[in-house]
Trainee: 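Below you'll find the structure I mean.
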Amino acid sequence: MSRRFTFKGGIHPPHSKAQTARLSIEVFPAPGKVIIPLQQHIGAPAKPVVKRGDRVSIGQLIGEAGGFVSAPVHSSVSGTVLSVGPFPHPMGKQVIGVEIENDSAEEKQLLSPLNKPWREAAQGELIQMVQAAGIVGMGGASFPTHVKLSPPSNKPIDVLIINGAECEPYLTADHRLMLERTEDLLTGVLILKKILGAKKCFIGIEENKPDAIKLVNKLLSDSLYKDVTLARLGAKYPQGGEKQLINAVTGRQVPSGGLPMDAGCVVQNVGTAVAVRDAILGGIPLYERVVTVTGPTVKNPKNLLVRIGTPIRLLLEACEVDFKATQKVIMGGPMMGIAQSDLDAPVIKSTSGLLVYDKVQPAIREYPCINCGRCVAACPIHLVPSRLAKFIEKESIDEAMEWNIMDCMECGSCTYVCPSKINLVHYVKLGKFHAQAKRAAATNK
Ligand code: SF4
Ligand code: SF4
């Protein structure tokens, strides 16, 4: 346990977690009305299976998966469907969602539980329940979990990594979950390990969470967890990136353009592991999650257990945000989070936090590149951001692709360290957009 795992590259922004790291998770009351988007995951949107006037219960299916790479959506309250239509979405666009008026009856309609102990269930049965529960990656990527748990037979998985890094500054939702639902987390880990048939499992936790490391390690001493090891991770951003975590813990490299399964690994977030446990043992679909509400203009920061579909404005009000002083609200962390333009947008399955700022940095003047190489040293994917930015500036998309622009994970580390204040991640995102359009055009020819 004394060994410290890390990766090459990355940055050290201030952790800024003290505001909420010691605050227990509080249950946020279900709101009078929820708006539950049918697109909360990577892949095809779910299709509505309810209409205006229908009565629904907590956990009832309201949107069926739109394909294999998709996830069903469930009601987070009991009540009446007011409408199905376009609503503000945290990604900044209008998305079809289901508006439900809460009758506060708290009636539930959960999934049928397994008719046998989970250890005796077949892998397929367990995956089916994970799929039916609408579980997606809760660390932010929101990739449907059942897809990750179904790698093709020519990609055997021998290592499962549980991601408890929570490397984004400010966020503490995963930290609190590891402290407050430790046994449930470890049960989820064993279920995931069984599904994948992985020989080995690592739980990666950054060393800035010593209480979580101590507690998880104590429980792991039970022989039940003999193939599960705690990996103490260096506190560095983006330690929680899948490729960085795999490299830090196993020494393996995910090849350019490849996926974790190409390195024999699957990575699952701690919140996802708990959700898997709840689905398999309790038949509970994913209709609530832990959200950290924090930042300079929050008077009363909290870690909250929130129903999916709760408008973010209600959380900000409950945490006594000074709206007059607030200039920016971000869903997620400061490095990779999404700025919010409409506070009526709801909490979704991937909402790890709401970060509220009083100052927005004025547009910063960019200076010429001085070839210092800091962006290259910081890039966790070992790209050359300065060169990629130059390619994009002169619209040389092919050259940018040859220099693996599509491998960029948009972590922002390059921009963070650049002394010339060049917004490198902006150039790279733009380049990826053009490269994707070019690929799509070539496919459609
Ligand atoms: S090029 Fe992409 S992956 Fe590399 S540091 Fe910049 S944003 Fe991160
Ligand atoms: S960090 Fe900025 S100034 Fe330094 S090489 Fe990269 S782009 Fe140029």
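Read the numbers this way: they start at 1 and go in the same order the structure lists the ligands and their atoms.
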Trainee: More than 12 heavy atoms of other residues, nucleotides or ligands under 6.0 Å from CD of Q128: is that the case?
Mentor: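 No.
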
Trainee: Give the atoms of ligand 1, by number and element, whose distance to some non-hydrogen atom of M409 is under 4.0 Å.
Mentor: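 That gives atoms 3 (S) of ligand 1.
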
Trainee: Enumerate the atoms of ligand 1 whose separation from the nearest heavy atom of P385 is less than 4.0 angstrom.
Mentor: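 Counting atoms of ligand 1 from 1, those under 4.0 Å from P385 are 1 (S).
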
Trainee: What I want to find out is whether K200 reaches D158 closely enough, with some N-O distance under 4.0 Å, to be called a salt bridge.
Mentor: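 No salt bridge links K200 with D158.
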
Trainee: Can you confirm whether more than 12 heavy atoms, excluding those of R374, are under 6.0 Å from its CZ atom?
Mentor: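 No, CZ of R374 has 12 or fewer neighbouring heavy atoms, counting only those of other groups under 6.0 Å.
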
Trainee: Identify the protein heavy atom lying closest to atom 4 (Fe) of ligand 2, giving its residue, its atom name and the separation to 0.1 Å.
Mentor: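 In this structure, atom 4 (Fe) of ligand 2 has C372 SG, 2.3 Å as its nearest protein heavy atom.
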
Trainee: Ion pair present between E288 and R307, side-chain N to carboxylate O less than 4.0 angstrom?
Mentor: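 Yes, this pair counts.
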
Trainee: Which residue holds the protein heavy atom closest to atom 8 (Fe) of ligand 1, what is that atom called, and what is the gap in Å?
Mentor: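 Heavy-atom neighbour on the protein nearest atom 8 (Fe) of ligand 1: C411 SG, 2.4 Å.
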
Trainee: Can you tell me if A378 has a non-hydrogen atom under 4.0 Å from ligand 1?
Mentor: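 Judged by the 4.0 Å heavy-atom criterion, A378 does not count as contacting ligand 1.
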
Trainee: What is the nearest protein non-hydrogen atom to atom 6 (Fe) of ligand 1, stated with its residue, atom name and distance?
Mentor: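 Going by distance alone, atom 6 (Fe) of ligand 1 is nearest to C414 SG, 2.3 Å.
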
Trainee: Looking only at heavy atoms, is any part of V417 under 4.0 Å from ligand 2, and if so is it the side chain, the backbone, or both, or is it neither?
Mentor: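 The answer is neither; V417 stays 4.0 Å or more away.
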
Trainee: To the nearest 0.5 Å, what is the distance between OG1 on T272 and CD1 on I162?
Mentor: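 With rounding to 0.5 Å, OG1 (T272) is 8.5 Å from CD1 (I162).
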
Trainee: For ligand 1, which atoms have a heavy atom of C379 less than 4.0 angstrom away?
Mentor: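 Counting atoms of ligand 1 from 1, those under 4.0 Å from C379 are 3 (S), 4 (Fe), 5 (S).
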
Trainee: Is the NZ or CZ atom of K429 both under 6.0 Å from the centre of the six-membered ring of F433 and within 45° of that ring's axis?
Mentor: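 No, cation not above the ring by the 6.0 Å, 45° rule.
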
Trainee: Return yes when at least one N/O/S atom of C375 is nearer than 2.8 Å to atom 6 (Fe) of ligand 1, and no when none is.
Mentor: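 No.
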
Trainee: Are any of the side-chain nitrogens in E206 or K17 under 4.0 Å away from the carboxylate oxygens of its partner?
Mentor: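 Result for this pair is no, no salt bridge flagged.
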
Trainee: Within the 4.0 Å heavy-atom shell around G412, which atoms of ligand 1 are there?
Mentor: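 In order of number, 7 (S), 8 (Fe).
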
Trainee: Which of the atoms in ligand 1, numbered in the order shown and given with their element, are less than 4.0 Å from a heavy-atom of I381?
Mentor: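 Matching atoms, with element in brackets: 3 (S).
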
Trainee: Could you tell me whether D211 and R22 make a salt bridge, using a distance below 4.0 angstrom between a side-chain N and a carboxylate O?
Mentor: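 No, no charged N to carboxylate O under 4.0 Å.
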
Trainee: What are the atoms of ligand 1, with element, lying closer than 4.0 Å to any heavy atom of V425?
Mentor: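 Listed by number with element: 7 (S).
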
Trainee: Mind checking the CZ-CG spacing from R176 to D174? Nearest 0.5 Å is all I need.
Mentor: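 Reported to 0.5 Å precision, the distance equals 12.0 Å.
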
Trainee: Which atoms from ligand 2 have a heavy atom of C369 less than 4.0 Å away?
Mentor: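 Under 4.0 Å from C369, ligand 2 has these atoms: 3 (S), 5 (S), 7 (S), 8 (Fe).
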
Trainee: Any chance you could measure I381, atom CD1, to M406, atom CE, to the nearest 0.5 Å?
Mentor: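 So the CD1 of I381 and the CE of M406 are separated by 13.0 Å.
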
Trainee: Can you name the one residue among C414, S413, C418 that meets side-chain contact (heavy atoms from CB on, under 4.5 Å) with P385?
Mentor: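 Of the listed options, the one satisfying the test is C414.
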
Trainee: Near I370, which atoms of ligand 2 are under 4.0 Å from a heavy atom of that residue?
Mentor: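 In order of number, 3 (S), 8 (Fe).
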
Trainee: Who's the nearest protein heavy-atom neighbour of atom 2 (Fe) of ligand 2, and how far?
Mentor: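 Sorting protein heavy atoms by distance from atom 2 (Fe) of ligand 2 puts C418 SG, 2.4 Å first.
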
Trainee: Please identify which atoms of ligand 2 are closer than 4.0 Å to at least one heavy atom of P419.
Mentor: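 So the answer, numbered in order with elements, is 1 (S).
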
Trainee: Which option out of A377, S386, A389 puts a heavy atom nearest to atom 7 (S) of ligand 2?
Mentor: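 Going through A377, S386, A389 one by one, S386 has the nearest heavy atom to atom 7 (S) of ligand 2.
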
